[in-house]
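Data first, discussion second: the structure below is written as structure tokens.
Side chains are part of it too, since the values below use all heavy atoms of this structure and drop only hydrogens, waters and symmetry mates. Chain letters run A, B, ... following the sequence lines, proteins first and then strands; every chain starts at 1.
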2 protein chains.
Amino acid sequence: MMRISELARKGGVGVETVRFYQRKGLLTVPRGEAPGGRHYGEDDVKRLRYVRHAQVAGFTLAEIAELIELDRTDDRPRARAMAAERIAALDEQIAKLQAARESLARLARDCARGGDGPCPILGAFDRV
Amino acid sequence: MMRISELARKGGVGVETVRFYQRKGLLTVPRGEAPGGRHYGEDDVKRLRYVRHAQVAGFTLAEIAELIELDRTDDRPRARAMAAERIAALDEQIAKLQAARESLARLARDCARGGDGPCPILGAFDRV
DNA sequence: ATTGACTCCGTACCGTGGTACGGAAGCTAT
DNA sequence: ATAGCTTCCGTACCACGGTACGGAGTCAAT
């Protein structure tokens with residue numbers, strides 16, 4: 001019988017976080033009240049990992065709750081729309097981060113090369 | 001004489017945000033109290049844009065405050081260290097986002113191709 | 001001299017995603 | 001049967017990055 005602490009461990013989060021997700025409707029609270037606490041199965045572990053992966057993809061917890069609801073109603077068009085939206089946002093975010101990475105790297109190189117004048121990193125983002 | 005509202009507009013933020021940054025020490029409050037409000041110059045616009053660019057690069061406001069302080073003391077080694085740290089974090093973050101983007105795109109493709117069984121997007125992150 | 005737009009300032013409030021705390025109840029081993 | 005661990009539950013608190021509000025003062029135009 002898996003208890004909440006084991007579920008949390010398998011999902012790589014803390015017990016409090018599991019309970020937080022339950023409150024948010026992201027994880028179901030086992031219906032069968034068992035003595036000594038509720039217990040969980042592999043489905044719960046899967047669900048928890050789903051939440052964490054979706055988070056990495058940039059979905060907010062509210063959106064993840066919606067995805068889970070879409071799963072319940074098998075609403076594929078809406079699911080595809082959400083995925084497409086998120087992919088576009090990811091592309092934009094990745095592009096921005098790459099641009100930031102490049103200019104930061106350039107500034108660091110210029111700074112390391114020495115030279116005179118002010119350090120390129122400091123006070124230099126206005127040239128980015 | 002540029003007033004705070006114009007500074008905010010040029011920086012692409014709201015007046016309240018400018019004041020918030022001032023409180024955080026990210027923007028200086030003009031010393032000369034002028035009647036009818038303080039006024040700002042191009043340096044302030046530059047500084048504000050610096051803050052926004054550094055934010056895009058993933059620096060927290062506290063780190064940006066530190067960068068600004070490093071500028072004051074011209075502490076290049078520390079600036080380079082911070083830049084290197086941030087670049088490494090950016091690389092990691094970009095890699096994660098790209099991975100998430102790819103699996104999300106794959107799921108969306110699989111979902112669009114139709115087929116039977118459950119929608120690949122819904123409840124599928126456990127396979128990512 | 002009043003209106004309207006703007007400023008300054010402090011303080012309060014917000015969403016997001018947790019994290020912690022304290023009490024009551026249960027299981028398990030001694 | 002008592003100690004020690006875990007569970008459940010509600011509530012409070014946290015950091016981050018803002019956003020809003022209310023009151024008082026200042027300015028220019030009417």
DNA chain D contacts among residues 9-17 of chain A, heavy-atom distance under 4.0 Å: none
Pairs touching residues 18-30 of chain A that satisfy side-chain hydrogen bond (donor to acceptor under 3.5 Å, both in side chains), sequence neighbours left out: Y21(A)-R52(A), Y21(A)-Q55(A), Q22(A)-Y40(A)
Contact between [X] and [Y] at the side-chain level, heavy atoms closer than 4.5 Å - yes or no?
X       : Y       : answer
F20(A)  : L61(A)  : yes
R109(A) : R106(A) : yes
D71(A)  : L67(A)  : no

Bend angle of the helix from dA1(C)-dT30(D) to dT30(C)-dA1(D), end axes from five pairs each (to 10°): 20°
Among dC8(C), dG17(D), dT7(D), the one nearest Y40(B) by side-chain distance: dC8(C)
Member of I94(A), L97(A), L90(A) meeting the side-chain contact (heavy atoms from CB on, under 4.5 Å) criterion with Q98(B): I94(A)
Point-to-point distance, once rounded to the nearest 0.5 Å, from NZ of K10(A) to CE of M2(A): 4.5 Å
Which residue lies more 5' along DNA chain C, comparing S5(B) with R52(A) via nearest heavy atoms: S5(B)
K96(B): side chain to side chain donor-acceptor pair (under 3.5 Å) partners, not counting sequence neighbours: none
Expected output: side-chain R49(B) to main-chain G12(B) donor-acceptor under 3.5 Å: no
Any donor-acceptor pair under 3.5 Å from R78(B) side chain to L70(B) backbone: no
For DNA chain C, the residues among residues 19-28 of chain B that have a non-hydrogen atom under 4.0 Å from it: R19(B), R23(B)
Contacts of type salt bridge (Lys or Arg N to Asp or Glu O under 4.0 Å), residue R101(A), not counting sequence neighbours: D91(B)
